K.L.:
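Before I ask anything, here is the structure I am working with.
Everything quoted here is computed from the prediction, not taken from an experiment.
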Amino acid sequence: MTQADLVIIGAILVTDTATFPADVAIKDGAILAVTAPGAAPPAAQVLDATGLHLLPGAIDVHVHFREPGYTHKEDWETGTAAAAMGGVTTVFEMPNTHPPTATPEALAQKLEAAGKAHVDYGIYGLLAEDNIHQLEALIEGGVAAFKCFMGNTFGNLPSPSSGAMLEGFEIIARHGLRVSLHAETASIMAWRQKRIMAAGRSDPLAHLASRPAVVATEAVARACILAEWTGARIHVLHISSADELRPLAEAKARGVDVTGETCPHYLLFDERAYTDLGSIIRVNPPVRERHHQEGLWAGLKSGVIDMIATDHAPHDPAEKVRDDIWTADCGFPGVETQMPLMLTQAAEGRISLQDYVRLSATAPAKAFGLYPKKGLIAPGADADIALVDLAREETITAAGLHSRAKITPFEGMRVRGVPVHTLVRGRFVMRDRALVAETKGWGRSVRRIQAMPAPTPKNLDQTLAAVVAPRAAPIGPESASAAPRSPYGEAAE
């Protein structure tokens, strides 16, 4: 019998479909065997996890680690340390850094920064108005997915026109990678914010007023139509409103390869947070009225929303606490608190533990081509594990976060269900609620294992590549800059 490196005994294993006692054997960073209690092979090391539940490590497909360019807010070491402490074993990091991850050179800079990671990672490339000619080079360079900012947020990256989006979708569809979308319509928000500011409003609720649910609903519908035409795979980030679920569900019914996520702050806060927390709650898209919160819970239960992510978006506290809402940076840390917050909801009966595993691990692994190497506990899978104490209670405090950003809207919130150990490819990165500092640099890019389904591009005879003369110059920064642009920073439709 093969000797394992580590056997975890005594735990209750939770999958996306079942919960049962099991021993888990690990060798060379992968799951060697899942056995009945007492039947595991011999091992060099044994961990007695009696009283704990063993879950696949969470996969957070939406984090901002701010490096390069904004390391006073966060960097790859502190961001992935927070992930490890939160039971998160894989992260996908966003491109709105400085420089943005829009070119192979910027990607190489990002990959160098990621060398400090405690956990595994994927890196998003940017899909923008002026880098269409760079998309294939970014794929060759190792991006795991793309991000398109249909609406403005931190970094003030101009939102691409629908024409640029369509061409970007055409190119990426041929390679099969997924495009994640900040689905808010920039022109509507810019118009409303300008009018609201002119009226003298700078109170916290003015932010919500500038970005009503229609900005997200319109953007989701438009993106799904472009994806349907091109065969692109898309992912709707940070779903904040119940209204988005209709175009999302309709697109899925038509066969569009579209997935969606929501975040704990949309599930746990409503408009009262603007009074209670002021500018701390400012985030894009905004936390919305209570009926949207109820709709999001229904969307999780029905499966229209596929997964949980965090939009981990750290800032210095001085950048968050402002009297003028327009000057407060948008977002807050989330990668470390997601699992305790959602396990608390499971303890209260809003979701089951199996639902949580599906939402936090299995579904994101499948959507981004990591399954079955990640997102489950089974022989051959990476040994990415969160061992959690469902009875343990803690209070969330900003001071206790491992993120560089010591501010959170969840300050003082009591949680029940806490990760005690986190393993990435069989190695403890967090043990007994303490970060294993020596695992800095242990994280690896998921591109080594990523296997998306075969691409299914559509309407190939009508793509720009097909209809533009072969000798025509490619779209680049010079030609793209000549496109008409609106006065609000996005290309004119």
Side-chain angles (χ1 to χ4, degrees), residues 64 70 94-98 100 102 126-132 147-168 179-226 234 236-241 243-244 247 266 271 274 279 281-289 292 311 313 315 319-320 322-331 477 480-493:
H64 301 263
Y70 306 104
M94 289 295 173
N96 55 330
T97 46
H98 184 70
L126 181 67
L127 166 54
E129 186 85 8
D130 59 357
N131 79 325
I132 301 298
K147 169 71 174 287
C148 178
F149 291 92
M150 298 177 73
N152 72 295
T153 189
F154 177 80
N156 292 321
L157 299 177
S159 302
S161 64
S162 293
M165 280 182 61
L166 181 63
E167 185 177 5
V179 181
S180 292
L181 302 157
H182 183 124
E184 293 184 289
T185 301
S187 58
I188 300 175
M189 296 186 298
W191 181 270
R192 290 179 67 89
Q193 182 173 329
K194 182 179 178 181
R195 296 290 299 274
I196 291 168
M197 291 178 70
R201 287 194 61 185
S202 60
D203 58 287
L205 278 167
H207 175 63
L208 174 58
S210 71
R211 303 170 95 109
V214 67
V215 305
T217 307
E218 192 277 342
V220 171
R222 175 158 47 98
C224 287
I225 289 170
L226 299 182
I234 62 173
V236 181
L237 298 162
H238 43 40
I239 296 172
S240 61
S241 73
D243 297 356
E244 294 163 74
Y266 300 120
E271 72 274 19
Y274 294 92
S279 60
I281 200 61
R282 191 183 189 207
V283 63
N284 295 327
V287 166
R288 301 195 181 278
E289 298 84 356
H292 288 296
D311 192 8
H315 300 285
E319 299 167 331
K320 285 292 296 176
R322 301 287 178 88
D323 292 332
D324 182 343
I325 194 62
W326 309 116
T327 65
D329 278 353
C330 298
S481 64
R485 302 194 71 81
S486 80
Y488 304 110
E490 62 171 343
E493 294 293 328

K.L.:
To the closest 0.5 Å, what do you measure between OG (Ser279) and CG (Asp329)?
P.N.:
10.0 Å
K.L.:
May I have the step-by-step check of side chain to side chain contact (heavy atoms under 4.5 Å, CB included) for Met165 and Val179, ending in yes or no?
P.N.:
CA-CA 10 Å; Met165 280 182 61; Val179 181; over 6 Å; no
K.L.:
Which heavy atom of Pro160 sits nearest a heavy atom of Ala128, and at what distance?
P.N.:
CB-C, 4.0 Å
K.L.:
Quick one about His207 and Asn284 (side-chain donor to acceptor, distance below 3.5 Å, no hydrogens or angles considered), yes or no?
P.N.:
yes
K.L.:
Start with the C-alpha distance between Thr185 and Met150, add both sets of side-chain angles, then the distance that settles side chain to side chain contact (heavy atoms under 4.5 Å, CB included), and finish with yes or no.
P.N.:
CA-CA 6 Å; Thr185 301; Met150 298 177 73; 5.6 Å; no
K.L.:
If you measure from CZ on Arg211 to CE on Met189, what distance do you get to the nearest 0.5 Å?
P.N.:
4.0 Å
K.L.:
First locate atom OG of Ser210, then atom CD1 of Ile188, and finally report the distance between them rounded to the nearest 0.5 Å.
P.N.:
11.5 Å
K.L.:
Considering non-hydrogen atoms only, spot the tightest contact between Arg282 and Thr327 and give its length.
P.N.:
NH1-N, 4.4 Å
K.L.:
Should Glu184 and Pro286 count as side-chain neighbours, where that means a heavy-atom distance under 4.5 Å?
P.N.:
yes
K.L.:
Which pair of heavy atoms, one from Leu208 and one from Arg288, lies closest together, and at what distance?
P.N.:
CD1-NH1, 3.9 Å
K.L.:
Return yes if some donor-acceptor pair links the side-chain N/O of Tyr274 with the main-chain N/O of Ala206 below 3.5 Å, else return no.
P.N.:
no
K.L.:
Find the distance between CG (Leu181) and CZ (Arg222) and round it off to the nearest 0.5 Å.
P.N.:
10.0 Å
K.L.:
Between Phe149 and His182, what is the ring plane arrangement, given parallel below 30°, perpendicular above 60°, and tilted in between?
P.N.:
tilted
K.L.:
Counting N and O atoms only, with roles assigned by atom type, does the side chain of Arg192 sit under 3.5 Å from a partner on the main chain of Ala209, one being a donor and the other an acceptor?
P.N.:
yes
K.L.:
Assess whether side chain to side chain contact (heavy atoms under 4.5 Å, CB included) is satisfied between Tyr70 and His98, documenting all intermediate values.
P.N.:
CA-CA 7 Å; Tyr70 306 104; His98 184 70; 3.8 Å; yes
K.L.:
With sequence neighbours excluded, tell me which residues meet salt bridge (charged side-chain N to carboxylate O under 4.0 Å, His left out) with Glu271.
P.N.:
none
K.L.:
Start with the C-alpha distance between Cys224 and Ile234, add both sets of side-chain angles, then the distance that settles side chain to side chain contact (heavy atoms under 4.5 Å, CB included), and finish with yes or no.
P.N.:
CA-CA 8 Å; Cys224 287; Ile234 62 173; 4.1 Å; yes
K.L.:
Heavy atoms only: give me the nearest Ser202-Trp326 pair and the separation to one decimal.
P.N.:
CA-NE1, 3.7 Å
K.L.:
Taking atom CG of Asp324 as the centre, does the number of heavy atoms from other residues, nucleotides or ligands within less than 6.0 Å exceed 12?
P.N.:
yes
K.L.:
Looking at every heavy atom in both Ala219 and Ala183, which two are closest together, and how far apart are they?
P.N.:
CB-C, 3.4 Å
K.L.:
Distance from Glu129 atom CD to Ser159 atom OG, nearest 0.5 Å?
P.N.:
10.0 Å
K.L.:
Give, for atom NZ of Lys147 and atom CG of Leu126, the distance between the pair rounded to the nearest 0.5 Å.
P.N.:
9.0 Å
K.L.:
Arg201 and Asp203: salt bridge (charged side-chain N to carboxylate O under 4.0 Å, His left out), yes or no, with the steps?
P.N.:
CA-CA 6 Å; Arg201 287 194 61 185; Asp203 58 287; 2.8 Å; yes
K.L.:
Restricting to non-hydrogen atoms, name the atom on Ile239 and the atom on Val236 that form the minimum distance, rounded to 0.1 Å.
P.N.:
CG1-CG1, 3.7 Å
K.L.:
Output all residues satisfying side chain to side chain contact (heavy atoms under 4.5 Å, CB included) with Asp243, sequence neighbours left out; order by chain, then residue number.
P.N.:
Ala213, Thr217, Ser241, His292
